[in-house]
Amino acid sequence: MEIGGYILSEYIPAKPLVGNLEVSFTGGEQTSTESCAQLRCGEALKFPFARLDSQPRAVEIRRSQVLVAADKATETKRVVELTLESFFDYEPGDTIGVLPNNRDELVDRLLQRLELTDQADTTCHLKLALNCAKKNAKLPAHIPATTTPREILTDCLSLNFVPQKQLLSALAGFTSDVKERSFLACLSSKQAAEHYQSLILEQGLLFMDILELCGNCRPPLAFLVEHLPRLLPRPYSISNSPLEAGPQELRIIYSLLSEKPGITTSMFEKKIEEITAEKPTKVVIYPRLSTSFRYTEQDLGSNQILIAVGTGLAPFLGFFAHKERLIKQQPQQKKGRSWLYIGAKTPEAILKWHKLTCWGGSVLERIRMCKSRGKPPNYLPQVLADDAEDLVEFLLKPETVLYLCADGGKISQSIANALSLCLQKALHLTEEEASRQLKELKTQGKYREDVWL
Ligand SMILES: Cc1cc2nc3c(=O)[nH]c(=O)nc-3n(C[C@H](O)[C@H](O)[C@H](O)COP(=O)(O)OP(=O)(O)OC[C@H]3O[C@@H](n4cnc5c(N)ncnc54)[C@H](O)[C@@H]3O)c2cc1C
């Protein structure tokens, strides 16, 4: 990409962000610690949705298994299951937070750019700049009191984020190259709003892409620490029952984008390559607060309608395994009925199809699936529409709960629309009445969603 093509003849740069921090090197060498630096930040640092009784901890990745192989022709994503050591109690549907880290190569490149390769592992600390003009300036809580440049860039800061205009304007001040300076300053301006829209918002250039384009831009580490977002934990759904392996182990399932894979999923990929019998590979996790999106012993007698697309099946695999074990443990107990609606690209992309078919019968009374690359019906809304009468009758039973695991965006909306159509058809409602009824079902806790994005 030629950045010169994005420089207007007239523009007014956005007000640049200013730096209020300084990095002070203390001289010692820090040998790399195995777990994430954010664990050394003390109590001031909160982990989103963390259970109050539990701190993040490095746990062993015991096993990994590829559930679905990537396939370019059908745009199927690679899906992997990880078995992790666990240190807390959980129920199917609960989620964990995973602390990611940035790739070593990316961090090395950035250290080189910042001319910090020689000091990468030298201990340092942050302090407020002497000439700090900001009244309420403070040190970021997600950086440990003593750390190193490598640790900051690996564990604490997000490097792949959408750069805001004020940040771009400040970056213009950190390059000696006139063209780069004009490009960055112009991109931050109101006059170049169309360029910002097309490069940043549509083509998706992230902070590191901008630095790649501007090879002479060298923002100081202290500036990055102050203005780059914190590298945040990512949630993953537990995909097994504690009755299978005991609470000492848990499983999660992730999918990997073939192009530009994400931070955490790339980290998982690297870690599973490193698993050997001699040296366990670890990942930092913590239990997140439970929500109503879970399946516990109390639910054995109730009915479920479970709707999932792709990897969204993950939490339901835990539900079914739990139900199977509970039925074995308590054969005399009344058991509810479960219906599963699942959408995937191809039959091979359905997670644990063999297990699902084994659960058919007492655990799973009905399984309906569709494949977007195959014979119709291709999409879940069509499948739901075909079952409209049955589905609504089942949904309206007092002991039935509907669980939907999807992206919270277009897919969730298309399923909500399909359910609304089912209600309209089966109960002869208007669109407005059906949408009111759906809302009520949500309020009553009969329509529960796990939103992944
Ligand atoms: C409550 C909850 C439970 C979740 N449970 C799971 C789970 O069990 N399994 C699971 O795989 N994910 C799950 N997610 C999503 C997960 O937290 C991450 O967002 C996802 O794995 C990508 O993380 P990343 O750090 O690799 O990507 P990032 O670096 O954060 O991603 C960069 C961009 O790429 C997109 N992206 C990255 N990977 C994918 C992908 N595989 N598919 C689509 N878009 C992608 C992101 O949405 C983002 O826009 C859950 C999310 C929530 C909120």
Side-chain angles (χ1 to χ4, degrees), residues 36 47-51 64-71 75-84 90 92-103 106 154-155 157-163 200-209 228-240 250-272 283-294 306 308-319 343-345 349 351-352 403-412 448-453:
C36 176
F47 292 90
F49 301 101
R51 274 195 219 161
S64 72
Q65 191 194 349
V66 178
L67 299 184
V68 180
D71 178 32
E75 293 174 38
T76 300
K77 284 182 266 186
R78 172 178 153 96
V79 180
V80 181
E81 178 182 71
L82 298 181
T83 303
L84 308 178
Y90 62 87
D94 282 346
T95 56
I96 58 167
V98 174
L99 274 64
N101 55 246
N102 292 309
R103 278 183 299 120
L106 188 70
T154 305
D155 294 341
L157 300 181
S158 167
L159 305 178
N160 281 336
F161 64 96
V162 179
I200 309 288
L201 303 180
E202 284 160 21
Q203 290 182 45
L205 290 190
L206 301 173
F207 171 71
M208 281 306 286
D209 301 319
L228 264 46
R230 171 182 173 195
L231 187 55
L232 280 169
R234 313 298 204 256
Y236 289 88
S237 308
I238 294 175
S239 63
N240 67 295
L250 63 82
R251 292 199 292 268
I252 58 168
I253 293 174
Y254 69 87
S255 68
L256 184 80
L257 287 181
S258 322
E259 272 177 43
K260 286 197 168 186
I263 308 293
T264 319
T265 41
S266 303
M267 175 187 79
F268 286 146
E269 289 286 292
K270 181 155 183 276
K271 286 191 185 280
I272 60 178
V283 63
V284 178
I285 66 168
Y286 64 89
R288 292 176 22 119
L289 291 168
S290 300
T291 65
S292 61
F293 198 95
R294 64 200 313 237
L306 308 134
V309 181
T311 327
L313 184 61
F316 300 149
L317 294 173
F319 285 32
K345 294 246 165 70
L351 311 184
K352 306 212 175 186
Y403 295 82
L404 166 62
C405 187
D407 63 353
K410 275 189 200 155
I411 296 178
S412 303
R448 303 179 190 176
E449 263 185 290
D450 209 14
V451 174
W452 277 16
L453 289 182

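Counting starts at 1 for both ligands and their atoms, in listed order.
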*Just going by heavy-atom distances, which of Phe268, Phe161, Trp452, Phe293 is nearest to atom 19 (O) of ligand 1?*
Trp452

*Determine yes or no for a side-chain-to-main-chain donor-acceptor pair under 3.5 angstrom, with Tyr403 supplying the side chain and Pro315 the backbone.*
no

*Looking at residues at least two apart in the chain, or sitting in another chain, which of them share a side chain to side chain contact (heavy atoms under 4.5 Å, CB included) with Thr154?*
Asn101, Val107, Arg150

*asked:* If we set the cut-off at 4.0 Å for heavy atoms, which region of Asn160 has an atom near ligand 1: side chain, backbone, both, or neither?
replied: neither

*For atom 49 (O) of ligand 1, is some protein heavy-atom partner under 4.0 Å away?*
no

*With heavy atoms of Val451 as the reference, note each atom of ligand 1 found under 4.0 Å away.*
1 (C), 52 (C), 53 (C)

*Rounded to the nearest 0.5 Å, what separation is found between the CD1 atom of Ile200 and the CZ atom of Phe207?*
11.5 Å

Distance-only donor-acceptor pairs under 3.5 Å for side chains of residues 253-264, two or more places apart:
residue : atom : partner : partner atom : Å
Tyr254  : OH   : Glu269  : OE2          : 2.5

*For Val79, is the nearest heavy atom under 4.0 Å from an atom of ligand 1?*
no

*Non-hydrogen protein atom less than 4.0 angstrom from atom 33 (C) of ligand 1*: no

*Under 4.0 Å, heavy atoms only, figure out whether ligand 1 is touched by the backbone of Ile252, its side chain, both or neither.*
neither

*Does NZ or CZ of Arg230 come closer than 6.0 Å to the centre of the six-membered ring of Phe47, within 45° of the ring's axis?*
yes

*Residue part near ligand 1, for Lys77, under 4.0 Å between non-hydrogen atoms*: side chain

*For atom 27 (O) of ligand 1, which candidate among Gly93, Gly262, Gly312 holds the nearest heavy atom?*
Gly262

*Numbered atoms and elements of ligand 1 in range of Thr264, under 4.0 angstrom, heavy atoms*: 24 (P), 25 (O), 26 (O)

